[in-house]
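Remarks on the structure that follows.
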There are 2 protein chains.
Amino acid sequence: MKLSQGVEWALHCVTLLAQGDPGTVASRHTLAGWYGLPEAYLAKHLKSLVRAGVLHAGSGPRGGFRLARPPEEITALEVVESIDGPSSAFVCTEIRQNGACAAPPEECVRRCAIDRLMQEADAAWRERLRRTPVSELAAGLPAPLRGRAREWLAR
Amino acid sequence: MKLSQGVEWALHCVTLLAQGDPGTVASRHTLAGWYGLPEAYLAKHLKSLVRAGVLHAGSGPRGGFRLARPPEEITALEVVESIDGPSSAFVCTEIRQNGACAAPPEECVRRCAIDRLMQEADAAWRERLRRTPVSELAAGLPAPLRGRAREWLAR
DNA sequence: GGTGACTTACTCGGATACGGCGTGTCCGAGTACTGCAGG
DNA sequence: CCTGCAGTACTCGGACACGCCGTATCCGAGTAAGTCACC
């Protein structure tokens with residue numbers, strides 16, 4: 001199990017936007033330049049964030065990306081799921097019903113114990129991410145860095 | 001992020017072995033037949049479990065796999081990490097130190113806030129799996145199924 | 001009948017191909033600014 | 001000077017290749033049981 005590279009980029013970009021004044025807009029060129037990322041590829045992930053409703057995109061000059069909602073209302077989980085998808089990392093294929101075992105349906109009314117455990121673990125993971133809004137991530141950065149970020153966003 | 005198929009197979013196989021008497025041995029043929037899994041491919045994952053010290057393998061007739069320790073001492077986390085690897089799903093590439101940002105090292109003495117969050121989430125996930133020994137998974141199965149499993153293992 | 005070695009069949013282990021998804025990139029559609037000509 | 005328009009440059013969005021890891025499989029090395037000949 002490995003999270004996509006894009007998850008890290010997305011979290012950083014959203015955190016950066018959360019440091020600016022409300023409504024701050026940054027183009028993908030600006031965002032990529034700040035972190036030294038390949039602009040074309042970063043665009044792909046930003047697109048996903050737009051589709052998921054985390055960011056709002058505007059075209060033309062003065063266009064770019066801005067947070068779709070106040071940073072206090074955007075959770076880290078939303079950002080992660082925008083890139084990685086909302087489905088659980090574990091998918092039970094019900095192998096207990098196959099092969100020589102062939103557990104009959106009446107023994108399978110309750111979900112597989114292994115599936116239950118894995119879903120609980122997945123829920124714990126997501127819950128931790130849900131508890132943290134991006135505003136908190138932004139607040140956790142060093143003060144001088146925040147100042148430079150705001151300056152950069154203002155161009 | 002998606003867990004390997006082998007994780008599910010490994011958990012089921014270890015759980016099955018945990019239902020037998022202590023020291024119960026089952027060949028990969030037996031295990032694959034029980035769940036209707038491709039024997040050759042399952043073997044690859046069982047091998048990983050041996051390398052990780054979860055299972056013990058014996059060669060020749062009457063050979064096969066058995067639990068390396070009592071099922072109460074084997075956690076679900078161990079099984080998962082045997083297949084999936086022990087490293088966290090999130091790896092921080094320190095992009096904050098790249099690009100126009102170029103946060104100087106003195107601002108990076110503390111770990112990246114995003115990395116901290118992701119590692120905490122990962123720890124929560126692993127902790128949930130660590131809390132459950134495979135004996136508990138075995139105990140959670142329906143009684144008739146457990147009986148048939150023991151019968152199957154005894155051949 | 002007991003014992004020894006041999007045969008045999010069964011087991012695991014490493015090395016080897018294939019395919020799907022993440023990675024990486026490009027060009028086209030749309031928009032707001034800017035400059036200019038006309039009134 | 002004000003107004004309208006056309007040009008332009010900048011933005012995002014979707015469609016298109018490449019590479020790596022999970023998927024899937026095979027054959028060879030090793031071992032213990034079973035068998036048979038011999039004592």
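Just the heavy atoms: all of them, side chains too, but no hydrogens, waters or symmetry mates, feed the values below. Below, read A as the first sequence line, B as the second, and so on, with proteins coming before strands; counting in each chain starts at 1. Everything numeric here is computed off the predicted structure, so don't read it as measured data.
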Compare the minimum distances between each of C/dC12, C/dT25, D/dG22 and the side chain of A/Y41, then state the nucleotide with the smallest one. C/dT25

Which listed nucleotide (D/dA24, C/dG14, C/dG13) is nearest to the side chain of B/F65? C/dG13

Atom-pair distance (NE2 on B/H45; P on C/dG13), nearest Å: 15 Å

Counting side-chain heavy atoms from CB outward, which of D/dA15, C/dG13, D/dT23 is closest to A/K47? D/dA15

Measure from CG on B/L55 to P on C/dG13 and round the result to the nearest Å. 10 Å

Report the C-alpha distance between B/R150 and B/D21 in whole Å, list the side-chain angles of each, state the deciding distance to 0.1 Å, and finish with yes or no for salt bridge (Lys or Arg N to Asp or Glu O under 4.0 Å). CA-CA 8 Å; B/R150 293 176 61 86; B/D21 296 313; 2.7 Å; yes

Nearest-Å distance for atom pair CD/P, residues A/E39 and D/dC10: 12 Å

In whole angstrom, give the distance that lies between atom CD1 of B/I83 and atom P of D/dT23. 10 Å

Have a look at B/A57 and say if it touches a base, only the backbone sugar-phosphate, or nothing, with a 4.0 Å heavy-atom cut-off. sugar-phosphate

Whole-Å distance separating the NZ atom of A/K44 from the C1' atom of D/dC18: 12 Å

Nearest-angstrom distance from the residue atom CG of B/L3 to P of C/dC21: 16 Å

If you check every side-chain atom of A/S27, which of C/dT23, D/dT11, C/dT16 has the closest atom? D/dT11

For the side chain of A/P61, starting at C-beta, report the closest nucleotide among D/dA24, D/dC26, C/dA32. C/dA32

Check the pair B/Q5 / A/T93 against side-chain hydrogen bond (donor to acceptor under 3.5 Å, both in side chains), numbers first and verdict last. CA-CA 9 Å; B/Q5 172 102 322; A/T93 59; 4.7 Å; no

Choose from D/dC26, C/dG24, D/dG13 the nucleotide whose nearest atom is closest to any side-chain atom of A/V50. D/dG13

Rounded distance (Å) that lies between atom C1' of C/dT23 and atom CG of A/D84: 15 Å

Using heavy-atom distances to pick each residue's nearest nucleotide on DNA chain D, tell me which of A/A40 and B/A43 is more 5'. A/A40

Nearest heavy-atom neighbours spanning A/R126 and A/G85: NH2-O, 3.6 Å

Of the options D/dG34, D/dT25, D/dG14, whose atoms approach the side-chain atoms of B/R62 most closely? D/dG34

If you check the B/S59 side chain, which of C/dT31, C/dT11, C/dG24 turns out closest? C/dT11

Assign the ring pair B/W34 / B/W152 to parallel, tilted or perpendicular, where the plane angle (0 to 90°) is split at 30° and 60°. tilted

With heavy atoms under 4.0 Å as the rule, sort A/K2 into base, sugar-phosphate or nothing. nothing

Give the nucleotide from the list C/dG24, C/dC27, D/dT23 with an atom nearest to the side chain of B/S4. D/dT23

Can you check whether A/T75's main-chain N or O pairs, donor with acceptor, with A/E78's side chain at less than 3.5 Å? yes

A/R28 side chain, from C-beta outward: closest of D/dC26, D/dT23, C/dC27: C/dC27

Interatomic distance where NE2 belongs to A/H56 and C1' belongs to D/dG13 [whole Å]: 14 Å

With a 4.0 Å cut-off, would you call B/R148 and A/E107 a salt bridge? yes

